[in-house]
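See below for the structure under consideration.
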Amino acid sequence: MGKFIELVKRDLALAFRQGMDSLMVVAFFIIAVVLFPFGVGPEPSTLAKIAGGTIWVAALLSSMLSLERLFQTDHDDGSLELLALAPVPLEITVLAKVVAHWLTTGLPLIVTAPLLAVLMQLPSEGFLVLIAALLLGTPTLSLIGAVGAALILGSRRGGVLLSLLVLPLYIPILIFGVSAVDAAIFDQSVRPHLVFLAALLVGALALTPWAAAAGLRQALE
Amino acid sequence: MHRFANPTRFLKIAAAVQPWMAGLTIILFGTGLYMAFFTAPPDYQQGESIRIMYVHVPAAWMGMFCYAAMAVASAVALIWKHPLADVAAKATAPVGAAFTFLSLATGSLWGKPMWGTWWVWDARLTSMLILLFLYIGYMALQGAFDDRTRGAKASAVLALVGAVNLPIIKFSVDWWNTLHQTSSFMKQGGPSMPPEMWIPAVVMAVAFKTYYVWVLLVRIRQELTANKVRILRLKQVHGG
């Protein structure tokens, strides 16, 4: 556990020293959402209808942006090999890196989401549920993304490839995340949607570190 | 299974089986298509356009069957390092993608006269579309590395991740569909089919299966030969 926290701290320190990375993700998130009123027109009723979906899709895309670098920088400078040789199981290392990724991208997205919800005229009943759904959903995005990031290590054109691999797997989270927000707006029960999001999170937490570690081991062979 | 791990032994068997599969495929396709076009009656509601079903439904089955086959072959390749399983998984992917695309295309052609639209965000159509994306991602990952064995291993992991995810995606798309769909184009249940209709469908399904085995054998042999050629070239370059 101590080693796990050390690893998280190391990744966080690296992220803060490079500074701009998580800011850029947030900026992309905002700009992507702001494009939609230009696309569909500024009528509040139209915007309110698509607000939940837009914010979720933008969150999906922005959390994917920084995934490519999840293992890439460590792979390039060789520290990934040292991490793999360390007495800590590689699955735990993966989990630590995912936690750091979520803290530097997922969490800033969640903090920004209410602002965008205001811009998109999301009805106020949806706010809390949007935050709750993002809190349950974005860690799953980081977990699934880690598998993709591990698999593309050392490939040509990794970034585009990563989106091709990861986005289809993101669809269930998008579906339940958006339907939770919609349910809150239409005054229906929110619980089943959030429970499904939680189930996806628990399932991903149990399975994806193994798949990502398997991917890393092959990259290091 | 390990008896056939030896490529030489496999190639011998494959060479013997392949013409039989080819013949069987041609006969079955001939019979199936003849029955589908001439002996099967037109549907009392859908008329002649029901005949698309004889291609559409077997193609959709094969799209899913090929993904399952690919996942099993990938698991075998990862667990036992079976040398042919990698090749088989690689050979299956484009065939499965083609079947999935065929089922989407024929579904679209069928949808236009029946539902009045080329595309509906129906749960089944959507899941098949996502399946097609999974195939494309698999093939893209396989070709993205300079080192071919790395591409094979990475895509094998991806195939397994996709296989675990497919039921979840299928379920969530069904859920999404029941929430969003306001009018149902699909007629639930429908008339139970007379034998003149389901027999050609079964014949076509078997024809698709034998076609798959035939193409799989051709592709595996081609891949093994290509490997040999590559090794010979490398030997030449390195002054063998």
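Labels below follow one simple rule: chain letters A, B, ... track the order of the sequence lines, proteins then strands, and each chain is numbered from 1. This is a predicted model, so every value here is computed, not measured.
- Applying the 6.0 Å contact sphere to NZ of B:Lys170 captures more than 12 heavy atoms from other residues, nucleotides or ligands.
- Looking only at side-chain heavy atoms (C-beta outward), B:Arg150 and A:Leu153 come within less than 4.5 Å of each other.
- Surrounding CZ of B:Arg233 are at most 12 heavy atoms belonging to other residues, nucleotides or ligands under 6.0 Å away.
- In terms of non-hydrogen atom pairs under 4.5 Å with chain B, the most contact-rich of A:Gly154, A:Pro168, A:Ala150, A:Gly215 is A:Pro168.
- Residue B:Phe145 holds its CZ atom at 7.0 Å from CG of A:Leu161, rounded to the nearest 0.5 Å.
- Looking at B:Asp146, both its backbone and its side chain come within 4.5 Å of chain A, counting heavy atoms on both sides.
- Note on B:Ile168, B:Ile136, B:Leu141: by heavy-atom pairs under 4.5 Å with chain A, the leading option is B:Leu141.
- Under a cut-off of 6.0 angstrom, the local environment of CG in A:Asp187 is sparse, with at most 12 non-hydrogen atoms contributed by other residues, nucleotides or ligands.
- Only the side chain of B:Leu78 comes within less than 4.5 Å of a heavy atom of chain A; its backbone N, CA, C and O stay farther away.
- Residue contact with chain A, scored on non-hydrogen atoms closer than 4.5 Å, involves the backbone and the side chain of B:Val173 alike.
- Only the side chain of A:Ile175 comes within less than 4.5 Å of a heavy atom in chain B; its backbone stays farther off.
- Here the closest heavy-atom approach between residue B:Gly137 and residue A:Leu165 is recorded as O-CD2, 3.3 Å.
- The contact list for residues 199-210 of chain A toward chain B, using heavy atoms and a distance under 4.5 Å, reads A:Leu200, A:Leu207 by residue number.
- Taking a 6.0 Å sphere around CZ of B:Phe101, one finds it holds 12 or fewer heavy atoms contributed by other residues, nucleotides or ligands.
- Within the 4.5 Å cutoff, side-chain heavy atoms of B:Trp175 are placed close to those of A:Ser179.
- Closest of all the heavy-atom pairs between B:Ile169 and A:Pro172 is CG1-CG, 3.7 Å.
- Annotation: side chain of A:Leu169 is in contact with side chain of B:Leu134 (closest heavy-atom distance under 4.5 Å).
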